[in-house]
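First up is the structure itself, then whatever we jot down about it.
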Number of protein chains: 2
Amino acid sequence: MTLVAVLGALSDPIRVGLVRVLADGRERGWGQLHAPVAKSTLSHHLRVLRDAGLTRTRQEGTRCFVELRRDDLDARFPGLLDSVLDAAHSDDIGAHVHVSDSPA
Amino acid sequence: MTLVAVLGALSDPIRVGLVRVLADGRERGWGQLHAPVAKSTLSHHLRVLRDAGLTRTRQEGTRCFVELRRDDLDARFPGLLDSVLDAAHSDDIGAHVHVSDSPA
DNA sequence: TTCGATGTTCGTCAAACATCGAACAAGGTA
DNA sequence: TACCTTGTTCGATGTTTGACGAACATCGAA
């Protein structure tokens with residue numbers, strides 16, 4: 001989990017949107033995440049986030065759940081995530097990524 | 001000056017090193033900046049930083065001076081630069097970029 | 001066991017990126 | 001004018017990235 005990898009992972013609007021959606025700390029099922037890309041592309045972005053250490057993924061049967069590693073991030077790079085989230089919010093980056101709160 | 005562009009510009013160790021070197025707020029001459037790349041490559045990295053809005057460049061005769069736009073960055077993305085600099089320092093990212101404080 | 005749902009992986013493609021050396025432009029200086 | 005210094009721009013090259021559809025693997029349910 002390196003700084004450059006984290007910043008690189010955050011240099012894409014879709015991934016910023018995913019992080020924003022996960023920023024409330026709740027674990028989300030894959031199926032709840034909606035972004036305007038093909039599912040293989042979404043899988044790719046989620047892999048980039050995981051490889052950079054931003055998220056944690058849990059497999060349960062055939063379903064996958066993803067969660068932001070906020071504690072680890074805050075410990076390793078204090079303040080970074082918060083300032084990125086603030087900036088993303090005020091610039092409305094990644095707004096086309098959303099989550100359906102209901103079922104998995 | 002967008003968030004994604006700034007994060008993208010910072011997702012390269014050499015550019016992080018350049019930002020670190022400029023973080024004291026002093027304007028630096030091109031000739032003071034030393035990085036383990038060809039001069040055309042260094043020129044490219046400095047252009048990326050400028051295009052992303054991280055630096056300001058001033059031409060004086062045949063020399064070039066570069067300066068970090070810290071005020072603008074802090075106004076636009078509060079806390080971001082500081083947390084990146086802290087992280088870069090603790091991880092020693094971009095340490096192979098240095099500055100010769102003496103001549104132009 | 002067959003089917004459907006859920007993600008991953010693969011093959012492919014175009015665009016972007018990092019890098020280099022060489023050529024170029026512009027400003028001083030001899 | 002000729003030359004040197006400084007930095008930019010220009011191909012060329014190889015790598016990485018983002019994207020897609022299709023094929024695959026896996027699990028649960030019918």
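Numbered from 1 within each chain, the chains take letters A, B, ... in sequence-line order. Small disclaimer: the values here were computed from a predicted structure and weren't measured.
For the pair A:H44 NE2 and D:dG21 P, the interatomic distance rounds to 15 Å; values are reported in whole Å. The CD-C1' distance, from A:Q59 to D:dA25, rounds to 11 Å in whole Å. Across the protein-nucleic acid pair, B:R63 atom CZ and D:dT5 atom C1' stand 9 Å apart, rounded to whole Å. Rounded to a whole Å, the CD1 atom of A:I14 is 16 Å from the P atom of D:dT17.
Remark: A:R47 CZ to A:S40 OG distance equals 12.5 Å, nearest 0.5 Å. To the nearest 0.5 Å, atoms CG (A:D91) and CG (A:D86) are separated by 11.0 Å. Here the CG-CZ distance, from A:L68 to A:R28, works out to 12.0 Å after rounding to the nearest 0.5 Å. The OG1 atom of B:T55 lies 14.5 Å from the CZ atom of B:F65; values are rounded to the nearest 0.5 Å.
Contacts of residues 46-53 of chain B with DNA chain D (heavy atom under 4.0 Å): B:R47, B:R50. For the segment residues 2-12 of chain B, no residue has any heavy atom less than 4.0 angstrom from an atom of DNA chain D.
If you check C:dA30 for Watson-Crick or wobble pairing at under 3.5 angstrom, you find it paired to D:dT1. D:dT6: Watson-Crick or G-U partner is C:dA25, with both key distances under 3.5 Å.
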Check against side chain to side chain contact (heavy atoms under 4.5 Å, CB included), B:R56 and B:D72 = CA-CA 11 Å; B:R56 179 185 301 120; B:D72 295 337; 3.5 Å; yes
Could you go step by step and tell me if A:L7 and B:R15 meet the side chain to side chain contact (heavy atoms under 4.5 Å, CB included) rule?
-> CA-CA 12 Å; A:L7 295 178; B:R15 291 194 293 259; over 6 Å; no
I would like to know whether A:R20 and A:V99 meet side chain to side chain contact (heavy atoms under 4.5 Å, CB included); could you show each step before the answer?
-> CA-CA 10 Å; A:R20 282 183 72 187; A:V99 64; over 6 Å; no
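When the side-chain nitrogen and oxygen atoms of B:W30 are compared with OP1 and OP2 of D:dT5, none of them lie within a distance under 4.0 Å. The side chain of B:R15 places an N or O atom within less than 4.0 Å of a non-bridging phosphate oxygen (OP1 or OP2) of C:dA18.
Around the NE2 atom of B:H96, the shell of radius 6.0 Å holds more than 12 heavy atoms that belong to other residues, nucleotides or ligands.
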Encode nucleotides 20-30 of chain C as B, S and - characters from 5' to 3', where the letter depends on protein heavy atoms closer than 4.0 Å: B to the base, S only to sugar-phosphate, - to neither.
-> BBB----S---
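Here B:H45 lies in heavy-atom contact (under 4.0 Å) with sugar-phosphate atoms only.
Using a 4.5 Å heavy-atom threshold, the side chains of B:L10 and B:V84 count as touching. Counting only heavy atoms from C-beta outward, the side chains of A:L33 and A:V97 never approach each other to under 4.5 Å. Taking the side chain as every heavy atom from C-beta outward, A:L73 and A:L80 never approach each other to under 4.5 Å.
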